[in-house]
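Following: one structure in structure tokens, then a few remarks.
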Amino acid sequence: MAFDLAKELADRAGESFSLHEKYLNRQLVRVLKTIGFDRHYTRAEGPYLFDKSGARYLDLLAGFGVFALGRNHPTVKKAMHDLLDADLPNLVQMDVSLLAGLLAERLLAHIPGQDRVFFCNSGTEAVEAAIKLARAATHRSKLVYCDHAFHGLTMGALTLNGDRSFRDGFGPLLADAVGVPWNDLPALEAALAGKDVAAFFVEPIQGKGVNLPAPGYLREAARLCRKYGALFVADEVQTGLGRTGKFLAVEHEEGVEPDLVLLAKALSGGFVPVGAVVGKQWVFERTFDRMDRALVHGSTFGKNNLAMAAGLATLAVLEDEDLVANAARRGASLLRRLGALTEKYELLKEVRGRGLMVALEFGAPQSLGLRAAWTLLEKATKGLFCQMVIIPLFSRHRILSQVAGHEMYVIKLLPALSLSQEDEDWIVSAFDDVIADCHKVPGAVWELATTLAGHAMKSKAGA
Ligand SMILES: Cc1ncc(COP(=O)(O)O)c(C=O)c1O
């Protein structure tokens with residue numbers, strides 16, 4: 001029987017939730033149904049998703065940041081088609097591929113001061129590789145990370161996770177790792193001072209919560225690492241490739257030169273899993289130091305032709321469409337306009353971010369009626385309030401967004417870097433409308449909150 005993908009998709013359309021419930025992650029299906037996100041998307045283009053009725057949604061998650069170019073970008077699509085049609089020898093293994101060499105060359109042209117690239121298949125694999133490279137380069141084992149950090153969910157990366165809700169129940173993790181408070185240079189210096197640290201892992205802007213570095217923090221942290229012989233590893237898996245309005249987020253501060261830079265997500269335009277560690281030659285050469293160690297670290301699918309071709313096409317689109325500059329301009333405008341809503345609404349405390357990595361932070365109101373409703377909700381489940389914003393944002397305004405972390409009052413926007421003026425207006429008017437509704441007690445939003453709190457209590461009780 002010949003395989004026919006189009007027929008498969010047509011015959012089984014509408015079964016995705018039942019299949020996932022039966023064979024994959026039942027709890028995720030429950031979550032999506034509870035918050036009304038169980039749509040059947042049939043098409044995607046740029047920053048938009050379309051459901052089977054043709055309704056258009058603005059996607060502010062962008063697949064957790066992978067669709068920086070927007071979805072199904074024609075240039076990357078063509079590169080994928082061309083690659084498949086070329087019948088190239090892929091993954092020969094005892095050979096080296098031209099495409100990987102070209103992508104390394106193009107990437108390094110964007111990242112001054114770095115000389116080598118290691119390709120893998122995801123962000124977390126880039127973190128695992130960096131842990132090994134750092135340990136081999138320094139002959140030290142200790143790793144330092146920041147509170148609230150997120151570096152991925154495999155065991156090494158999980159060790160560097162600054163949020164207990166991800167770590168609990170999976171130990172023991174790597175033995176030799178310490179967390180330090182974010183933006184706290186004396187604490188970092190104390191952790192490094194024993195001269196036994198292999199590397200300090202840091203996101204230039206923390207993804208969970210969109211926490212910005214204090215001015216000078218990254219530069220000083222890099223200096224301290226150098227002083228005490230630890231590597232400074234910039235995890236740019238989320239912030240890299242233009243997301244924050246610069247190619248790398250470390251560029252927002254002058255004089256920050258990492259020893260290793262980690263990339264993934266947007267690098268393949270969202271088409272193929274990919275990850276990369278970019279770094280100094282001397283660091284790489286301490287791991288790959290003899291012929292019999294040429295393959296001492298690697299991964300079977302790393303450097304695969306599809307990922308490399310997608311990466312080359314993605315870098316070309318970033319340049320051709322000037323997307324990094326668009327992220328800077330559009331992001332600044334969005335921050336200014338959403339920021340203005342803090343004057344209007346007491347529940348909205350702060351709007352912060354850089355480029356198109358934007359956070360809206362909510363918090364306890366002052367006025368009596370609202371305060372009572374807020375307190376009741378918080379007693380039921382901490383951090384539930386943001387769901388009351390993202391649900392109507394989706395159901396009434398067709399905007400897909402997500403809370404920025406566990407038990408947080410932060411909604412994060414991570415849209416395509418190609419966002420237009422029309423998209424920006426759509427976002428601002430939708431938030432204005434939904435947040436206005438949150439200030440009405442009693443009202444539909446707080447009724448929804450009561451229902452959600454009920455679901456949360458049942459779920460905690462293990463129902
Ligand atoms: C900063 C950072 N590092 C690492 C990762 C892990 O990447 P992946 O999910 O591709 O393993 C993420 C994912 O969100 C991330 O944001």
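We're numbering straight along the sequence, starting at 1. Computed from a prediction, not measured in an experiment: that's the story for all the values here. Counting starts at 1 for both ligands and their atoms, following the listed order.
- Residue pairs meeting the ring pair (Phe, Tyr, Trp, His ring centres under 6.0 Å) criterion with at least one partner in residues 226-256, sequence neighbours excluded, are His110-Phe247.
- Looking at Ile390 and Ile411, their side chains come closer than 4.5 Å, going by heavy atoms from C-beta outward.
- Partner of Leu241 under the side-chain contact (heavy atoms from CB on, under 4.5 Å) criterion, chosen from Leu69, Leu323, Val324, Leu315: Leu315.
- Each of Ser122, Gly123, Thr124, Phe150, His151, Gly152, Glu203, Asp235, Val237, Gln238, Lys265 has a non-hydrogen atom positioned under 4.0 Å from some atom of ligand 1.
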Walk me through it: do His40 and Asp51 pass the test side chain to side chain donor-acceptor pair (under 3.5 Å)? CA-CA 6 Å; His40 292 278; Asp51 70 17; over 6 Å; no
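- Checked against side chain to side chain contact (heavy atoms under 4.5 Å, CB included), Asp184 has the following partners two or more places apart in sequence or in another chain: Pro181, Pro186, Ala187.
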For residues 203-212, dump all side-chain donor-acceptor pairs below 3.5 Å to protein atoms at least two apart in sequence or in another chain.
{"unit_1": "Glu203", "atom_1": "OE1", "unit_2": "Gly207", "atom_2": "N", "d": "3.0"}
{"unit_1": "Glu203", "atom_1": "OE2", "unit_2": "Phe150", "atom_2": "N", "d": "3.0"}
{"unit_1": "Gln206", "atom_1": "OE1", "unit_2": "Asn211", "atom_2": "ND2", "d": "3.0"}
{"unit_1": "Gln206", "atom_1": "NE2", "unit_2": "Asp147", "atom_2": "O", "d": "2.9"}
{"unit_1": "Asn211", "atom_1": "ND2", "unit_2": "Lys208", "atom_2": "O", "d": "3.3"}

